[in-house]
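Worksheet: one structure, shown below.
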Amino acid sequence: MEAATEPVQAYLTGSGAGVAGFHPQQATVESECIPFIQRLVRESGAYSGPIIEIGTLLGVTTTHMALAKTPQQKIITVDFFCWNPWGLTPDAHEALTTQVLYYLQQTGHVKCVRMDKNEFYRAYEGPAPAMVFLDAWHDYDETKRDLQWAIGVGAKIISGHDYCDEFPGVKQVVDEFGGPRQLAGTVWAL
Ligand SMILES: C[S@@+](CC[C@H](N)C(=O)[O-])C[C@H]1O[C@@H](n2cnc3c(N)ncnc32)[C@H](O)[C@@H]1O
């Protein structure tokens, strides 16, 4: 018999949650967005170049993307471990995420890079990404930097999280760049 589990919703106490209210679904994309992200990942398999995620947190979306990618595709996920909703120190946050992504990193499917995203943008010399998923800092200026880099580097599919009233900067920038071609929940694709 399966053990009874409390519904996930009961744990969700928002971005102000401490470790006492910990749940890995906090601050990741809403579960109903996952099929859309996975469809974009499958589409990205038509292109060469890596899938780049900006903002790893715990690697929840990274893992969903890894399940949909081709075996040959690589995911680079970038995080500076400068924010989490549980009050973890940057080193503890990185250690936890490294553990979550251990198998995917050891098998070469995922590479986790600890770096400020804007530094990563400056340093990036790889091929045009097949897909970029933007989910780090959601104000106007940072979202604009993210989109300018993704377009400038020639990313084939550009998507991100939090196109919603809570993050007007994201909405404004995405609209300035032509608006979402597709929207599933708060996940957008140009
Ligand atoms: C909303 S969470 C990412 C959630 C993740 N994409 C998911 O769906 O599970 C945002 C993450 O962006 C990271 N972040 C914020 N600003 C950053 C920056 N300037 N450079 C790199 N990472 C940053 C934070 O440390 C945090 O882990």
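Counting from 1, the numbers follow the sequence of the chain as shown. Start at 1 and go down the list; that is how both ligands and their atoms are numbered. This is a predicted model, so every value here is computed, not measured.
Residue Glu53 places a heavy atom under 4.0 Å from ligand 1.
Contacts between Thr62 and ligand 1 below 4.0 angstrom, taking non-hydrogen atoms only, are absent altogether. Contacts with ligand 1 closer than 4.0 Å are made by no heavy atom of Phe120, backbone or side chain. With a 4.0 Å cut-off on non-hydrogen atoms, Met115 touches ligand 1 through its backbone and not its side chain.
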*Does the salt bridge (charged side-chain N to carboxylate O under 4.0 Å, His left out) test come out yes or no for Arg114 and Asp91, once each step is laid out?*
CA-CA 10 Å; Arg114 180 174 179 167; Asp91 286 347; 3.0 Å; yes
*asked:* Would Val153 and Tyr124 count as a side-chain contact (heavy atoms from CB on, under 4.5 Å) here? Give the steps.
replied: CA-CA 9 Å; Val153 79; Tyr124 186 76; 3.8 Å; yes
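Listed by number with element, the atoms of ligand 1 under 4.0 angstrom from any heavy atom of Phe81 are 25 (O). Interface of Thr56 with ligand 1, defined as ligand atoms under 4.0 Å from a residue heavy atom, comprises 5 (C), 9 (O). Taking every heavy atom of Thr28 and a limit of under 4.0 angstrom, the matching atoms of ligand 1 come to 7 (C), 8 (O), 9 (O). Residue Trp137 approaches ligand 1 through these ligand atoms, each under 4.0 Å from one of its heavy atoms: 15 (C), 16 (N). Every atom of ligand 1 with a heavy atom of His93 under 4.0 Å away is listed here by number and element: 27 (O). In the vicinity of Cys82, heavy-atom distances shorter than 4.0 Å reach the ligand 1 atoms 14 (N), 15 (C), 16 (N), 17 (C), 23 (C), 25 (O). Within ligand 1, counting atoms from 1 as listed, the ones closer than 4.0 Å to a heavy atom of Leu57 are 2 (S), 3 (C), 4 (C), 27 (O). Against a heavy-atom cut-off of under 4.0 Å, Asp116 is close to the following atoms of ligand 1: 18 (C), 19 (N), 20 (N).
Between His138 and ligand 1, no N or O atom pair is found at a separation short of 3.5 Å. Annotation: Leu58 places no N or O atom under 3.5 Å from an N or O atom of ligand 1; distance criterion only. Considering backbone and side-chain atoms together, Gly55 places an N or O closer than 3.5 Å to an N or O of ligand 1.
The shortest non-hydrogen separation linking Ala155 to Val132 is CB-CG2, 3.6 Å.
Taking the six-membered ring where tryptophan is involved, the planes of Trp149 and Tyr121 are essentially parallel, since the angle between them stays under 30° and well short of 60°. The aromatic rings of His138 and His161 stand perpendicular to each other, their planes meeting at an angle above 60°, with 30° marking the opposite boundary.
Side-chain contact check for Ile37 versus Met65: some heavy-atom pair is nearer than 4.5 Å. A 4.5 Å side-chain heavy-atom check between Asp175 and Pro180 finds at least one atom pair inside the cut-off.
Remark: Lys156 does not engage Glu43 in a salt bridge, criterion side-chain N to carboxylate O under 4.0 Å. We find that Asp162 and Lys171 are not joined by a salt bridge, their nearest charged nitrogen and carboxylate oxygen being 4.0 Å or further apart.
Looking only at heavy atoms of the protein, atom 22 (N) of ligand 1 is closest to Phe80 N, 3.1 Å. The single protein non-hydrogen atom nearest to atom 4 (C) of ligand 1 is Asp135 OD2, 3.3 Å, given as residue, atom name and distance. The protein atom (non-hydrogen) at minimum distance from atom 20 (N) of ligand 1 is Lys117 N, 2.8 Å. When hydrogens are left out, the protein atom nearest atom 1 (C) of ligand 1 is Ala27 O, 3.4 Å; that is the closest non-hydrogen contact. Among all protein heavy atoms, the one lying closest to atom 8 (O) of ligand 1 is Thr61 OG1, 2.5 Å.
Sequence neighbours left out, not one pair with a member in residues 24-65 passes ring-ring contact (aromatic ring centres under 6.0 Å, His included).
Checked against a 6.0 Å centroid threshold, the rings of Tyr163 and Trp188 do not count as neighbours.
In this structure, Asp135 contributes its side chain and Gly160 its backbone to no donor-acceptor pair below 3.5 Å.
When the heavy atoms of Ile34, Asp79, Ile37 are ranked by distance to atom 27 (O) of ligand 1, first place goes to Asp79.
More than 12 heavy atoms of other residues, nucleotides or ligands shown are found within 6.0 angstrom of CZ on Phe81.
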